[in-house]
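Chain naming here is simple, since letters A, B, ... match the order of the sequence lines and numbering starts at 1 in each.
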Number of protein chains: 2
Amino acid sequence: MPSDPSLGVRGRRPARTSGDDRELAILATAERLLAERPLSAVSVDDLARGAGISRPTFYFYFASKDAVLLSLLDRVVAEADAAMTQAEAVTSGASGRPPEVAREAWRRAISAYHDTFRDHRGLTLAWAEARSTNHEVRELWAGVFEGWVQRSAAAIEAERARGAAPPGVPARDLAVALNSMNERVLYATFSGDGPAVAESDVVGVLLGIWLSAIYGSAPAG
Amino acid sequence: MPSDPSLGVRGRRPARTSGDDRELAILATAERLLAERPLSAVSVDDLARGAGISRPTFYFYFASKDAVLLSLLDRVVAEADAAMTQAEAVTSGASGRPPEVAREAWRRAISAYHDTFRDHRGLTLAWAEARSTNHEVRELWAGVFEGWVQRSAAAIEAERARGAAPPGVPARDLAVALNSMNERVLYATFSGDGPAVAESDVVGVLLGIWLSAIYGSAPAG
DNA sequence: CCGTTTCTCAACACCGTGTTGACTCGTTCG
DNA sequence: CGAACGAGTCAACACGGTGTTGAGAAACGG
C-alpha cells in the first residue's frame, strides 16, 4: 500500500499550484479583507481575485461567500473554546478559598472570550452581519452559544450547591442573560460605533455584573 | 384667506388618490410583510405592489427600502420613549420607602421596553438586520440607545447619592452593559431561534440582574 | 499515450436596485 | 378657455452582484 503522505484530507494531489493552497489563499484573503471593510462590501469577485483566480473557479472551492465565513468561524470558535477550557482547568483543582479563586476563574473565562474575538475583530463583525441573513451561520452560533450557556449554568449551580452562591432565578436563565450581555457588549466595543465601554475596562465591568448577579443578593421585594 | 383644512403637513392637495395615502400604504405594507418574513426577503417591488404602485413610483415616495424602515423605526422609538418616560413618572414622586418603590420603578422601565418591541416584533428583527449594513439605521439606534444609557446612568447615580446603592464601577459603564444585555436578550427572545429565556420570564430575569448589579454587592477581591 | 480526475474560466442566465424620460391629469392663472 | 405647472406614474434601461454551464487545459495513473 503505497500511501502518499502528501495526500490531503480530501485525497487530492498537488497540481501546478495545489488546490489546497488556493483554498487557503481564499480564506486568507477573506480574513484580510474583512479586517478592513464589512462583509457586504466584500464580493465573491474580491475573494477570487485576491486569491489569484476567477470567480467561477472560486465556486469550485466554496459554495458561496457565506461558506468561506463559516469555515473561518469554525476555526475561531475552536480557538475560543480551547481558551475557555484552559481557563477553567487552571482554577479547577481548588476547593479551598472560595471568593478570590472563584472570582479569578470567572475573570479568566470572560477574558478568554474577549481576547479571542478581539484578535479576530473583522471576523467577529462579519459573523454578526451574516447571522441576520444566513441560516447556517445562525445555527453554528446558536450551538456555540448553547455550549457556553451550559458551562456557565453548570458552574453557577455548582457554586449554589457549595453554598457559595444564594439560590435565585434558574441558573440557565441567568447564564443565557449574562452570556448575551457579553456578546453584545463586546461586539459594541469592537465595532467602534455607538455607545460602548472602553476596551481597557470592558472585562472588569462585565465581571462585576457576573459576580453580583451570581453571588450578590438583590434586595427583597 | 381660504385655508383648506385638508391640506397636509407638506401642503399637498389630494389628487385622484392622495400621495400621502400611498406613502401610508407603503409603510403599512412594510410592517405587514416584515411581520411574516425577514427584511432580506422583502424587495422594493414587494412594497410597491403591496401598495398598489409600480417600483419606480415607490422611489417617488422613499429613497430606498431602508428609508421606509427608518420611518417606521422613528415611530416605534417614540413609542418606547413615551412608555419609558411614563414608567419613570409613575414612581418619581416617592422618596419614602426605598427598596420596593425603586424595584418597581426599574421593573416598569424594563417592562415598557419589552412591551413596545414585542408589539413590533417584525420591525425589531428587521431593524437588527438593517443595522449591520445601513449607516443611518446604525446611527439612529446609537442615538436612542445613548438616551437610555444616560437615563439609566443618572438613575443609578441618584441611588448612589441617596446611599441606596453602593459605589462601584462608573454608572455609565454599568448602564451601557445592562442596556446592551436587555437589547440582546429581548432580541433573542423575540427572534425565536437560538438559546433564549422564555418570554414569560424574561423581564423578571433581566430585572434581577439589574437590581443585583446596582444594589447588590459583589464579593471583595 | 490514452483516459480520468483535477482544475480553470468565458459566457450566460438571473435577480434586485436605482435612474431616465416621457406621459397623464388635475389645478391655477392669464 | 387654454397654456403652463407640478404632482404622480411607469416602461425601459443601466448596473452590479450571484450562481451555473460547458468547453477546455494540465497532470497524473494505468
Side-chain angles (χ1 to χ4, degrees), chain A residues 1-26 30 33 37-70 126 129-130 133-137, chain B residues 1-4 6-26 29-30 33 37-70 126 129-130 133-137:
Chain A
M1 286 169 257
S3 86
D4 185 343
S6 79
L7 277 170
V9 205
R10 307 237 283 276
R12 229 195 270 128
R13 271 168 186 286
R16 191 50 146 257
T17 47
S18 162
D20 285 339
D21 285 352
R22 295 261 147 107
E23 201 169 313
L24 289 174
I26 293 173
L33 294 182
R37 50 179 198 262
L39 181 64
S40 54
V42 174
S43 71
V44 169
D45 203 62
D46 292 334
L47 296 179
R49 291 192 184 286
I53 55 177
S54 73
R55 209 163 52 78
T57 301
F58 166 92
Y59 287 101
F60 179 83
Y61 293 103
F62 292 95
S64 67
K65 194 168 74 173
D66 288 342
V68 175
L69 201 58
L70 230 29
E129 197 177 334
T133 52
N134 185 294
H135 192 244
E136 292 176 292
V137 172
Chain B
M1 287 168 250
S3 88
D4 185 343
S6 79
L7 277 171
V9 204
R10 309 238 282 276
R12 231 195 268 128
R13 274 170 184 285
R16 194 47 147 257
T17 47
S18 162
D20 285 339
D21 285 352
R22 297 260 146 107
E23 200 169 315
L24 289 174
I26 293 172
T29 303
L33 294 183
R37 51 180 198 262
L39 180 65
S40 55
V42 174
S43 70
V44 169
D45 203 62
D46 292 334
L47 297 179
R49 291 192 183 286
I53 54 176
S54 73
R55 210 163 52 77
T57 301
F58 167 92
Y59 287 101
F60 179 82
Y61 293 103
F62 292 96
S64 68
K65 193 168 75 173
D66 288 341
V68 176
L69 202 57
L70 230 29
E129 197 177 335
T133 53
N134 185 293
H135 193 245
E136 291 176 293
V137 173

Atom pair distance, as rounded to whole Å: [atom1] in [X] and [atom2] in [N]:
| X | N | atom1 | atom2 | result |
| --- | --- | --- | --- | --- |
| A:F58 | C:dT6 | CZ | P | 20 Å |
| B:Y61 | C:dG18 | OH | P | 18 Å |
| B:R49 | C:dT17 | CZ | P | 13 Å |
| B:F62 | C:dT17 | CZ | P | 15 Å |
| B:F60 | C:dG18 | CZ | P | 17 Å |
| A:I53 | C:dT6 | CD1 | P | 17 Å |

Practice item. For B:L70, enumerate each residue passing the side chain to side chain contact (heavy atoms under 4.5 Å, CB included) test, keeping only those at least two apart in sequence or located in another chain. Key: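 By the side chain to side chain contact (heavy atoms under 4.5 Å, CB included) rule, B:L70 matches B:E136, B:V137, B:L140.
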Point to revise | side chain to side chain contact (heavy atoms under 4.5 Å, CB included) partners of B:A67, counting only residues at least two apart | key: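 Counting only residues at least two positions away or on another chain, B:A67 forms a side chain to side chain contact (heavy atoms under 4.5 Å, CB included) with B:F62, B:S64.
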Identify each donor-acceptor pair in which a side-chain atom of residues 41-49 of chain A lies under 3.5 Å from a protein atom, sequence neighbours left out, and give them as a table.
unit_1: A:S43; atom_1: OG; unit_2: A:D45; atom_2: N; d: 3.3
unit_1: A:S43; atom_1: OG; unit_2: A:D46; atom_2: N; d: 3.1
unit_1: A:S43; atom_1: OG; unit_2: A:D46; atom_2: OD2; d: 3.4
unit_1: A:D45; atom_1: OD2; unit_2: A:R49; atom_2: NE; d: 2.9
unit_1: A:D46; atom_1: OD2; unit_2: A:R37; atom_2: NH2; d: 3.2
unit_1: A:D46; atom_1: OD2; unit_2: A:S43; atom_2: N; d: 3.0

Practice item. For C:dC9, take OP1 and OP2 only and decide whether either is under 4.0 Å from a side-chain N or O of A:T57. Key: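 Answer yes for this pair, as a side-chain N or O of A:T57 is under 4.0 Å from OP1 or OP2.
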Review point. Say you draw a straight line from OG1 of A:T133 to CG of B:L39; how long is it, rounded to the nearest 0.5 Å?
Key: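 Output value for this atom pair is 10.5 Å.
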Review point. Any donor and acceptor pair, going by atom type alone, linking the side chain of B:T29 with main-chain N or O of B:A25 inside 3.5 Å?
Key: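 Yes, because the side chain of B:T29 sits within donor-acceptor range (under 3.5 Å) of the backbone of B:A25.
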Point to revise | Nucleotide-resolved protein contact map, nucleotides 14-25 of chain D, B/S/- at heavy-atom distance under 4.0 Å | key: ----BBB-----
Check your understanding: Will you find, in the side chains of A:E129 and A:S40, an N or O donor that is under 3.5 Å from an N or O acceptor?
Key ->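 Present: a donor and an acceptor within the cut-off.
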